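Structure first, commentary second.
Naming: A, B, ... by sequence-line order, numbering from 1 per chain. Just so it is clear, the structure is predicted and the values come from calculations on it, not from any experiment.
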Amino acid sequence: MAAERGMAAEALVGQVVLPGDLLLLPAHYDEDAEGERLRLSAGAAPQGRLLCGPGLRRSGAGLLVTKCGLLRHRPGGGGAYWVDSQQKRYVPVKGDHVIGIVTAKAGDVFRLDVGGSEPASLSYLAFEGATKRNRPNVQVGDVIYGQFVVANKDMEPEMVCIDSSGKSSGMGIIGQDGFLFKVSLGLIRKLLAPKCEIIKELSQLYPFELVLGMNGRIWVKAGTVQQTLIIVNILEACEYMTAEQRKEALAKLSGN
Amino acid sequence: FMQRGLDSQTKKQLEEEEKKIISEEHWYLDVPDLKEKESCIIEERSFLRCEDLVYGRMSFKGFNPEIEKLMVQMNSKCKEEEIEEDDKMEADVSDEEMARRYETLVGTIGKKFLRKRDQRVLKDDDEDEDDEEGNSDTIPSKRAKKMFLKPQD
């Protein structure tokens, strides 16, 4: 089979790409053009390095697509390309904030289920203000919000509930009551986008608290059980509703 | 094997022979050296670095005030430019109040460091200002210097 000639990456932004497509990058990323790069060129050469995000791999001539989805591009900070794909199964990634459920206590370490292939481990010292004598009060079945510190395909993922400066900054055990449910990963990313209309519209309804984990899990807590269930239903249905349908549904609710 | 009085030449020859034997035994790749390419592409598996995602914990309409404070803090780390503009709006005390406060503050703190005599002068000045009618007669009586009173025998 003849190798397919690659297409320019810029031309395919916003279009569907399939695994095996080769994306060519503009000349100033090419290693052969080193000599040209050193000269002060008047052209807009980006300062930083190009970020090759999820769904793409670096291969000799350019970027190789490994997942099917839409190609996205961000021009700021050296530029970034990634593939916006949809999936339900989560693969642990370092630095991601996720919701985990404690399944077992093994000595000094808790085992958490995060929806990946292996349970993640969380040390009891990885909480804010925890010492050997002052242990956190974590039981089996608790819901915990933390981030990954180690997450690669060769090792068991490890989580912590403090950030690099030692503060908890919102991570740790999530309190009593509330409802935990699962959605697809694409919806989570949509909800976490800087200006998300869904969240804005929901926040107009009534006071509630929301925790979104990158592993597809959402925890909701509102004043009454009924309100909580309403929010859960809206978030689940958001994936397949268009903007108008959603606004209609919310209008009905706020009318009630 | 070290023999005394061995000529330097023969020594060198022996060393070279040793080196040859050693280097022939070493394996080496018969391939030209690959230049290490400086790559300008970083591979990243997390969506967090690509898209600007907000913090995952949120609270609305005051359901959980600590989390609302956290939200402002976290999201301000990402958008520092906006914060600089909003600084004036978010100030607890307005500029005018600050100016007024400092006006009086400088006076009160300045008084603390005056010596006693200066303090008295200052006090008199204040009293003069307060008394508009100018009861200058009564004031000198208050002002009578307290001389040292000799104890009467």
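Here the closest heavy-atom approach between residue A:Pro54 and residue B:Ser46 is recorded as CD-O, 4.1 Å. A:Arg189 and B:Leu53 make their closest contact through O-CD2, 3.9 Å (heavy atoms, listed as atom of the first residue, atom of the second, distance). Shown here for B:Gly56 and A:Tyr145, the closest heavy-atom pair between the two residues is CA-OH, 3.3 Å.
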Quiz item: Please walk me through it: do B:Ser59 and A:Leu210 pass side-chain contact (heavy atoms from CB on, under 4.5 Å)?
Solution: CA-CA 6 Å; B:Ser59 152; A:Leu210 185 67; over 6 Å; no

Practice problem: Please test B:Tyr55 against A:His97 for side-chain contact (heavy atoms from CB on, under 4.5 Å), starting from the C-alpha separation and ending with a verdict. | Solution: CA-CA 9 Å; B:Tyr55 192 60; A:His97 293 261; 3.9 Å; yes

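With a 4.5 angstrom heavy-atom cutoff, A:Met214 touches chain B only via side-chain atoms. Using a 4.5 Å cut-off between heavy atoms, A:Leu205 contacts chain B through its backbone alone, with no side-chain atom that close. The contact between A:Lys221 and chain B is made by backbone and side chain atoms together, counting heavy-atom distances below 4.5 Å. Within the 4.5 angstrom heavy-atom criterion, no atom of A:Val220 approaches chain B.
With contacts defined as side-chain heavy-atom distances shorter than 4.5 Å, the pair A:Leu192/B:Met58 qualifies. Looking only at side-chain heavy atoms (C-beta outward), A:Glu209 and B:Phe60 stay at 4.5 Å or farther from each other. With contacts defined as side-chain heavy-atom distances shorter than 4.5 Å, the pair B:Arg45/A:Val91 qualifies.
In this structure B:Phe63 satisfies the ring-ring contact (aromatic ring centres under 6.0 Å, His included) test with no other residue, sequence neighbours excluded.
Shown here is A:Lys94, whose NZ atom has no more than 12 heavy atoms of other residues, nucleotides or ligands within 6.0 Å.
Remark: side-chain polar atoms of B:Arg57 are paired, donor with acceptor, to backbone N or O of A:Gly170 under 3.5 angstrom. No donor-acceptor pair under 3.5 Å is formed between the side chain of B:Lys61 and the backbone N or O of A:Phe208.
Taking A:Asp96, A:Ile199, A:Leu56 one by one and counting their heavy-atom pairs under 4.5 Å with chain B, the maximum is reached by A:Ile199.
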